[in-house]
Amino acid sequence: QVQLVESGGGSVQAGGSLRLSCAASGSTSRINCMGWFRQVPGKEREGVATLWTRSSKTYYADSVKGRFSIGQDNAKNTLYLQMDSLKPEDTAMYYCAADFRTWYSGNLPPANDFGYWGQGTQVTVSS
């Protein structure tokens with residue numbers, strides 16, 4: 001079992017920055033993949049960034065490449081998402097996800113590949 005708690009959301013003007021954190025507890029040494037997703041009402045949950053914990057390789061959705069950066073602090077069991085040059089279309093509820101499985105549907109896996117989720121943190125970007 002893994003517990004995930006996000007923090008760091010808020011309201012910011014376009015062009016601004018936010019840093020999201022995801023504190024993990026429980027069987028964290030078993031995690032193979034962690035990711036950030038976002039969702040707006042009426043739409044499916046969208047993968048934003050993925051980090052493979054064993055290799056530290058990262059992957060990003062095209063919509064955030066060059067603006068967002070995913071990273072981890074192993075000592076603190078924390079996953080981060082640094083979001084720069086924010087746009088109004090980045091407004092969404094952001095979720096942290098993790099799983100133990102060894103096989104995933106691609107480098108930026110869909111939400112169904114993850115079994116552990118945080119409660120979400122709201123990000124609002126105004127124009």
Side-chain angles (χ1 to χ4, degrees):
Q1 293 284 338
V2 169
Q3 295 76 43
L4 303 172
V5 179
E6 302 99 332
S7 61
S11 297
V12 65
Q13 289 193 328
S17 298
L18 283 173
R19 191 187 198 202
L20 305 184
S21 297
C22 173
S25 60
S27 301
T28 57
S29 63
R30 297 178 58 194
I31 297 173
N32 284 318
C33 185
M34 296 191 76
W36 286 98
F37 289 77
R38 64 187 182 187
Q39 189 171 25
V40 297
K43 291 192 175 182
E44 292 188 358
R45 198 163 290 190
E46 172 194 22
V48 173
T50 300
L51 183 145
W52 299 86
T53 59
R54 310 299 178 193
S55 65
S56 296
K57 288 186 177 179
T58 59
Y59 297 90
Y60 298 91
D62 288 343
S63 57
V64 305
K65 278 181 183 176
R67 300 188 299 120
F68 289 13
S69 178
I70 188 172
Q72 63 178 343
D73 183 331
N74 290 328
K76 296 182 179 180
N77 287 327
T78 301
L79 183 74
Y80 300 101
L81 184 69
Q82 178 67 40
M83 305 186 294
D84 298 321
S85 302
L86 282 161
K87 303 175 180 179
E89 51 263 45
D90 294 319
T91 295
M93 183 71 79
Y94 282 72
Y95 298 90
C96 173
D99 207 274
F100 302 151
R101 67 172 68 189
T102 56
W103 182 89
Y104 294 80
S105 305
N107 290 326
L108 196 66
N112 286 344
D113 280 7
F114 293 88
Y116 299 100
W117 292 87
Q119 81 288 350
T121 185
Q122 178 68 37
V123 171
T124 303
V125 184
S126 58
S127 57

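If you're wondering where the values come from, they're calculated on a predicted model, not measured in any experiment.
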Could you state the interatomic distance from [atom1] ([X]) to [atom2] ([Y]), rounded to the nearest 0.5 Å?
X   : Y   : atom1 : atom2 : result
K57 : C33 : NZ    : SG    : 12.5 Å
Q39 : E46 : CD    : CD    : 10.0 Å
N77 : Q3  : CG    : CD    : 11.5 Å

Does [Y] offer a backbone N or O that forms a donor-acceptor pair with the side chain of [X] under 3.5 Å?
X   : Y    : answer
Y95 : E6   : no
T91 : V125 : yes
T28 : S25  : no
R30 : F100 : no
W36 : Y80  : yes
D73 : T78  : no

* Asked: Any idea which heavy atoms bring S126 and P88 closest together, and the distance?
  -> C-CG, 4.5 Å
* **Salt bridge K87-D90, side-chain N to carboxylate O under 4.0 Å** => no
* Where do E89 and S63 land on the side chain to side chain contact (heavy atoms under 4.5 Å, CB included) test, with the steps shown first? -> CA-CA 10 Å; E89 51 263 45; S63 57; over 6 Å; no
* To do: Determine the interplanar angle of the Y104 and F114 rings, folded into 0 to 90°, and report it as parallel if under 30°, tilted if 30 to 60°, perpendicular if over 60°.
  => tilted
Below 4.5 Å, heavy atoms only, C-beta onward: do [X] and [Y] meet side chain to side chain?
X   : Y    : value
F68 : L86  : yes
I70 : L79  : yes
C96 : Y116 : no

* Verify side chain to side chain contact (heavy atoms under 4.5 Å, CB included) between L4 and M34, making sure each step is shown before the conclusion. => CA-CA 10 Å; L4 303 172; M34 296 191 76; 4.0 Å; yes
* To do: Evaluate whether atom CD of Q13 has more than 12 neighbouring non-hydrogen atoms of other residues, nucleotides or ligands under 6.0 angstrom away.
  => no
* Asked: Which is it for R101 and N32 under the side-chain hydrogen bond (donor to acceptor under 3.5 Å, both in side chains) test, yes or no, and what are the steps along the way?
  -> CA-CA 7 Å; R101 67 172 68 189; N32 284 318; over 6 Å; no
